[in-house]
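Here's the structure we're looking at; comments come further down.
Computed over heavy atoms, backbone and side chain alike; hydrogens, waters and symmetry mates excluded. The chains referred to below are lettered A, B, ... by the order of the sequence lines, with proteins before strands, and numbering in each begins at 1.
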Amino acid sequence: MAGYNFKRIESKWQKKWEKSRIYEAEFPSKKKKWYSLFEFPYPSGDGLHVGHLRPYIGLDIISRKRRMEGYNVLFPIGWDAFGLPTENYAIKTGIHPEKVTKKNTDNFRRQIKSVGPSLDWSREINTTDPDYYKWTQWIFLKFFEHGLAYKANMPINWCPKDKIGLANEESVGGKCERCGTETIKKDKEQWMLKITAYAEKLLAGLKDVDYLETIKTQQVNGIGKSEGALIPFEIKNPWPGRQISLAGQANIKNGGVEVFTTRPDTLFGVTYVVLAPEHELISKLKTQISNLWEVEKYIAESKKKPEQERVVEGGEKTGVELKGVRAVNPANGKDVPVYVADYVLANYGTGVVMAVPAHDERDWEFARKFKLPVKMVICPNYPEPTCPPLTAAYTGGGRLVDSGKFNGMESEDAKQAITHFVAGKKEVKYKLRDWVFSRQRYWGEPIPLIFCENCASNPKLKDPWPGRQKSKLSLGEEMNPGWIPVADLPVKLPKVKDFRPGENGESPLASLEKWVKTKCPKCGKPARRETDVMPNWAGSSWYFLRYVDPKNKKEFANIKKLEYWMGAALPSRSSKSEGGVDWYNGGMEHVTLHLLYSRFWNQFLYDIGLVPHREPYRKRTAHGMILGEGGIKMSKSKGNVVNPDDMVNIYGADSLRLYEMFMGPFDQAIAWDSKNMEGVSRFLGRVWSFAVEKEITKDSVGGRLEPLINRTIKKVSEDIETMAFNTAVSSLMIFMNECRNEERIPQKVWARFLLLLAPFAPHIAEELWSMLKHKKSIHLEPWPTYDPELIHEETFELIVQVNGKVRAKVSVKRGISEVEAKELAMKAPGAAEYVARGIVKIVFVPNKLINFVVK
RNA sequence: GCUCGGGUGGCGGAAUGGUAUACGCGCAACACUUAAAAUGUUGUGAGGUUCAUCCUCAUGAGGGUUCGACUCCCUCCCCGAGCACCA
């Protein structure tokens with residue numbers, strides 16, 4: 001019989017599987033469903049490297065096991081193909097992104113197929129396909145209708161040299177990626193999605209899902225909820241005769257500011273107040289600021305600074321006092337100086353901070369630099385009479401001191417009491433900002449809105465188009481006067497000649513006057529199209545929904561199919577809303593944004609009754625990155641990219657799969673080492689030669705190998721569930737090593753080994769399975785089970801310890817009693833002499849060890 | 001700075017509080033071969049000791065809990081990832 005010819009075997013079975021379509025998901029089906037998902041790739045021009053494949057192989061193993069366990073498995077793939085690299089390539093070469101995308105996806109598809117994953121290719125999707133992005137646009141309009149999309153003035157990164165707007169990822173460290181010029185912020189009208197409206201729900205939803213703890217933490221941090229209070233500070237009028245006119249907040253009588261704080265208990269410790277440079281109060285107080293020129297100079301400088309520099313680590317705090325302006329502490333009526341400093345952020349809280357240097361690190365630092373007083377009001381070790389002098393800010397809790405009638409109160413209680421005392425109010429703030437949904441770019445989904453001057457000035461004038469509620473504006477139209485949804489989706493991306501963004505920071509689409517000029521779908525008067533496109537994140541925010549019904553022309557997905565695959569039901573049918581993708585794996589780098597965005601879309605669609613499940617993913621795990629040899633990131637420029645094509649050529653797909661799983665823990669970053677491919681390759685070679693050289697008997701009992709195969713089944717089954725693929729592979733190797741001594745093996749044992757091997761090395765397992773004269777694919781056979789009674793040998797090595805140190809080993813029967821074990825162990829050479837010293841205590845662990853504690 | 005991981009042979013890494021170093025790479029010796037490759041067999045933490053044996057020391061450092069600690073607790077050092085002036 002010939003040697004292990006992986007090339008022949010692999011191409012043979014890949015063709016057969018494709019033809020027999022054994023990996024395609026069924027619908028309808030009476031079986032239990034299973035939906036496993038990996039993050040669909042961005043098809044870059046560089047092709048796949050071995051790192052991309054790790055999560056695919058891992059989930060393929062899980063999916064294959066589920067299929068063998070009798071589930072109806074949905075394991076789909078698609079392409080997240082809109083994006084900047086393709087667009088930039090188009091700008092450079094003039095080749096249309098569509099062509100580039102086609103070429104790249106073809107290459108990716110070929111590469112992925114070459115490792116034989118059990119993907120359902122009949123459900124392949126592509127975010128750049130108009131049949132797909134029609135629904136991305138459609139969902140966007142749903143957001144619009146429900147008042148969750150709005151236009152706002154938001155800064156974009158602008159390169160003054162290239163005269164183009166840059167995406168955040170192109171403005172590296174505040175510099176233009178192409179020419180290195182420092183970018184500046186330029187205000188532009190942009191579409192926003194109101195994700196902040198879902199902050200609380202996104203937080204609450206985490207309770208029902210099974211994400212890795214670190215992933216949950218990142219979600220929580222990304223949302224950044226903090227509970228605190230708004231406290232009013234009045235601005236003292238230095239010239240009592242003169243009237244100061246200030247647009248006051250609700251609960252400030254004479255004008256002033258509200259501060260947001262999470263520590264109202266420290267209010268008596270406030271020694272100054274700080275405004276963000278952008279704060280509007282500064283211009284309103286102009287006439288009172290005696291050092292106005294200095295203040296304005298500071299503001300101008302800090303505006304020039306790119307955000308990165310403003311937030312340098314350990315950077316010296318800067319600021320300027322507003323001379324002539326004082327703020328009044330509502331707790332004690334005392335007035336404190338007011339500063340402007342850029343360590344206060346304009347877009348968080350109210351843009352004003354009450355500074356408590358004694359109990360806040362940033363304020364401490366600032367106060368030290370500007371020699372401002374530090375007043376301690378929280379004492380950590382009360383009732384000790386004296387509090388230790390502060391050498392740093394104390395940010396913990398304790399009891400209040402030097403705080404008037406609140407002295408002695410617990411800081412937690414004081415939060416409420418003091419807020420109430422100064423007529424402040426409780427307030428919750430989030431770090432999460434609304435999502436800037438516009439890109440002034442080409443290669444993205446056009447935003448399907450039209451601006452109509454006529455409708456803007458006469459909002460209720462005309463009837464809407466057929467099929468919509470008559471005489472009532474949607475929330476989106478109310479909020480964004482004149483913006484009218486396109487009636488016929490998709491809005492196809494028009495062809496352009498020049499893919500460069502426009503001179504004034506507009507999308508290349510803005511240059512297509514013919515396309516831009518259109519008729520209002522509502523009143524029929526001349527109108528203009530929105531020329532911005534959606535960000536990369538749009539298509540990936542809902543792709544997991546499309547997989548259940550990828551070819552549907554009428555809906556983004558059929559509700560029956562959604563209910564089946566997500567394992568949940570619409571509220572009208574059942575109260576079961578927990579469901580979603582059963583297992584979603586992806587990179588750690590997407591754990592904040594992509595996860596947040598897609599959870600937001602799904603929750604919104606759930607709220608408006610379009611999907612049955614509240615949360616998109618039941619379980620989320622993350623794989624570790626594969627680094628180049630030497631432990632550095634694989635990149636073209638470093639020349640350390642390992643191409644899977646080469647590995648498949650030299651060692652075969654099964655070896656590559658096995659090595660990627662064997663190299664180390666799945667969730668940890670690990671350096672590639674092609675040398676180590678030898679090990680798994682030899683293992684498969686041994687499996688092959690064993691199968692062809694040794695006798696496979698028809699015995700109906702497992703014989704000597706029965707305990708080992710049972711242990712192996714247990715280990716492999718459990719390890720797959722925890723993604724401990726490396727130890728699963730090693731236990732397969734251990735089994736094979738043990739077999740080497742055998743001249744014949746019962747088919748009963750061998751078959752179970754092949755079944756365990758099948759998810760890892762599907763081609764060789766299938767070939768060897770067919771050599772056992774099986775007609776059906778091994779991948780449709782039931783997963784083997786083990787008998788807990790059979791996993792142990794009859795005898796074991798009893799470890800004999802003296803004072804916790806191993807002194808002897810004795811081979812004894814399983815289930816030996818303590819008394820018997822003691823007898824044998826005491827006589828064991830190596831232990832006897834110690835035991836003679838006199839036993840103080842004996843510790844006996846059944847079927848494992850006996851420990852003599854001696855003098 | 002904060003949060004979460006991690007630190008074990010020459011290397012990748014294993015170990016429900018119970019034989020540390022599984023499995024693999026590499027290396028060495030041997031077998032097969034005219035020879036090499038491939039393959040197979042055996043050995044392989046360090047130091048000492050003996051013909052076999054045995055002893056001591058080793059899981060980033062230092063303490064602690066325990067009959068027994070890579071594992072649990074405290075202090076500190078280093079590496080990686082994420083967040084980063086969010087009041």
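On the C1' atoms, C70(B) is 11 Å away from G7(B), given to the nearest whole Å.
Nucleotide A46(B): paired with U56(B) (Watson-Crick or G-U wobble, both distances less than 3.5 Å). Both distances falling under 3.5 Å, in either a Watson-Crick or a G-U wobble arrangement, place G10(B) opposite C25(B).
Looking at heavy-atom distances under 4.0 Å, R433(A) makes contact with a base. As judged by a 4.0 angstrom heavy-atom cut-off over every strand, V806(A) is placed among residues touching the sugar-phosphate backbone only. Within the 4.0 angstrom heavy-atom criterion, no nucleotide atom of any strand lies near N221(A). Within the nucleic acid shown, I734(A) comes within 4.0 Å of sugar-phosphate atoms alone, with no base atom in reach, counting heavy atoms only. Residue L732(A) is out of contact with every strand shown, counting any heavy-atom pair closer than 4.0 Å. Using a 4.0 Å heavy-atom cutoff across all strands shown, D363(A) reaches no nucleic acid atom at all. Residue Q218(A) is classed as a sugar-phosphate contact, given heavy-atom separations below 4.0 Å to backbone atoms only.
Remark: C1' of G40(B) and CG of N741(A) are 12 Å apart, rounded to the nearest angstrom. To the nearest angstrom, P of G12(B) lies 18 Å from CZ of R682(A). Whole-Å rounding puts the L212(A) CG to A81(B) C1' distance at 14 Å. Nucleotide A14(B) holds its P atom 14 Å from the CE atom of M733(A), rounded to whole Å.
Using cut-offs of 30° and 60° for the angle between ring planes, the H52(A) and H49(A) rings count as tilted.
Inter-residue side-chain proximity for K194(A) and T196(A) is flagged as met; some heavy-atom pair is nearer than 4.5 Å.
Nearer the 5' end of RNA chain B, as judged by each residue's closest nucleotide, is the contact made by P665(A), out of F852(A) and P665(A). With RNA chain B read from its 5' end, the first of the two nearest nucleotides for Q801(A) and K805(A) is the one closest to Q801(A).
Between R620(A) and E39(A) there is a salt bridge, since at least one side-chain N of the basic residue sits less than 4.0 Å from a carboxylate O of the acidic one. Between R814(A) and E794(A) there is no salt bridge, since none of the side-chain N atoms of the basic residue sits less than 4.0 Å from a carboxylate O of the acidic one.
The phosphate of A22(B) (OP1 or OP2) has no side-chain N or O of N737(A) nearer than 4.0 angstrom.
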